[in-house]
Amino acid sequence: MDLKYLNTFRTIVEEGSFSRAANKLNYTQSTITFQVGQLEQELGAALFEKIGRRMILTKAGEQLIPYVKEVMASVERMRCFGDGLSEYRGDLRIGVGETLLCYRLPPILKELHRRAPEARLFLHSMSCCDIRDGLLDGTLDLGVFYQEVGGFGSNLVAHPFDRCPIALVASAETRRNHPDFQTPDQRIPVPLVINEPTCIFRQMFEQYLRERSIRLDHTIELWSIPTIKNLVKNDVGVTILPRFTIEDELARSELVEIETEIASPVITAVCGRHKNKWVSPLMQLFIDLTAREPVVPFPVESQVV
């Protein structure tokens, strides 16, 4: 059985279509179709069926997925042995929360490139929920995200990265006009400028508002943290962010903090992986670089619960 057929099958599953798999693998679509046909012939079972204009996995195709993942993981291990276990080579797929990618990862990525110049790094800016799901289904090798997203069961292992206080901030003018975010049962006529609904610190703040029956004017939803800060600095509402993202603006008084009574205004950043994922030397290097403790060959791990 040709391994490239298994890799093609895995890529179709990950990408969601034959055409996207062809683009990723730099094959023609006819090559993809041929390889799938060869694999089906060797296995004696149809792996895809056409429903309308889409190719959908059959039951046999769904049952094949874990076996293909296991085989390809073994191949990855053998390639690592071929390169020498002391070499940092191969591909690394990492999902990172936007705030962490912008403000915490750059020095780590710089050091990773210095120590592993032959590695190929595929970075994805993602929500914490999507990172969690990517780790669970195996499409990501590692994730740097906030542990409070939850929903892992006992399937993920977390390596502590950072504890991150959060703060509600606004321009000095906005705080002067609306300083009270503690008194219950009130409406405050300013918008909340924040990122996606699954954002952990957004959810914490919205829960706080619900508990106190505090209503804001409306929500302006953006993906870019620099854009959110720029709007708030220019008197367009309030935002809540990890303090490390706004340290410079607070120091220059471009943003000022508004007091709240959020019970635990701290979130925990971790570097996570699936508990069954083989940890390659390159993965271990990245984990070590994100650890606050000194780098050791096999750091103590803690399960995410």
Side-chain angles (χ1 to χ4, degrees), residues 94-112 123 125-132 134-135 140 142-169 181-182 194-209 211 225-226 228-229 232 238-251 255-275 283-296 298-305:
I94 307 176
V96 189
E98 173 72 7
T99 51
L100 296 164
L101 181 57
C102 283
Y103 298 94
R104 279 291 190 255
L105 263 289
I108 292 171
L109 297 176
K110 181 179 179 179
E111 179 64 12
L112 183 75
L123 278 176
S125 177
M126 305 168 69
S127 73
C128 292
C129 290
D130 289 339
I131 293 170
R132 173 198 63 199
L135 293 173
L140 293 175
L142 293 170
V144 182
F145 60 108
Y146 296 115
Q147 182 170 304
E148 285 76 9
V149 67
F152 328 96
S154 60
N155 292 310
L156 298 188
V157 171
H159 305 263
F161 178 27
D162 202 3
R163 285 178 57 79
C164 311
I166 59 175
L168 179 66
V169 295
F181 275 73
Q182 300 175 47
I194 197 66
N195 48 359
E196 80 280 351
T198 56
C199 165
I200 298 304
F201 37 91
R202 171 177 174 173
Q203 291 181 344
M204 291 173 63
F205 184 58
E206 289 178 336
Q207 177 64 26
Y208 169 79
L209 295 177
E211 290 172 353
I225 301 300
I228 289 171
K229 293 195 297 183
V232 173
V238 300
T239 191
I240 188 160
L241 291 169
R243 190 176 290 275
F244 65 77
T245 68
I246 50 176
E247 289 173 340
D248 291 343
E249 288 81 6
L250 289 171
L255 292 173
V256 294
E257 188 170 355
I258 298 177
E259 289 189 17
T260 68
E261 294 181 357
I262 297 174
S264 300
V266 177
I267 51 181
T268 305
V270 297
C271 179
R273 64 172 178 85
H274 197 284
K275 68 178 182 180
M283 282 179 63
Q284 188 64 59
L285 173 61
F286 186 88
I287 291 167
D288 289 340
L289 290 175
T290 60
R292 280 188 168 274
E293 297 77 12
V295 174
V296 293
F298 300 99
V300 176
E301 301 168 351
S302 60
Q303 282 199 342
V304 183
V305 294

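- E111 pairs by the side chain to side chain donor-acceptor pair (under 3.5 Å) definition with R114, not counting sequence neighbours.
- To the nearest 0.5 angstrom, C271 atom SG is 6.0 Å from H159 atom NE2.
- Using a distance-only test at 3.5 Å, with no hydrogens or angles considered, no donor-acceptor pair links the side chain of K229 to the main chain of L255.
- Within the 4.5 Å cutoff, the side chain of R104 has no heavy atoms near those of the V96 side chain.
- In this structure, L250 CG and E257 CD are separated by 7.0 Å, a value rounded to the nearest 0.5 Å.
- Counting heavy atoms from C-beta outward, P242 and Y146 have side chains that approach closer than 4.5 Å.
- Between V144 and F286 there is a side-chain heavy-atom pair separated by less than 4.5 Å.
- With sequence neighbours left out, E211 forms a side chain to side chain donor-acceptor pair (under 3.5 Å) with Q207.
- With sequence neighbours excluded, the residues satisfying side-chain contact (heavy atoms from CB on, under 4.5 Å) with P226 are Y103, S224.
- Partners of E148 by side chain to side chain donor-acceptor pair (under 3.5 Å), not counting sequence neighbours, listed by chain and number: T268.
- In this structure, Q203 contributes its side chain and P197 its backbone to a donor-acceptor pair below 3.5 Å.
- Residues I108 and F161 are in side-chain contact: their nearest non-hydrogen atoms beyond the backbone lie under 4.5 Å apart.
- Between I262 and I240, the closest side-chain pair of non-hydrogen atoms falls below 4.5 Å.
- Residues passing the side chain to side chain donor-acceptor pair (under 3.5 Å) test with D130 are S127, sequence neighbours excluded.
- Contact annotation: the side chain of V232 never approaches that of V238 to less than 4.5 Å [non-hydrogen atoms, C-beta and beyond].
- Rounded to the nearest 0.5 Å, atoms CG (D248) and CD1 (I246) are 10.5 Å apart.
- Counting heavy atoms from C-beta on, the side chains of C102 and T245 never come closer than 4.5 Å.
- Taking E206 as the reference, R202 meet the salt bridge (charged side-chain N to carboxylate O under 4.0 Å, His left out) condition, with sequence neighbours excluded.
- Side chains of L241 and F205 form no contact here, defined as non-hydrogen atoms less than 4.5 Å apart.
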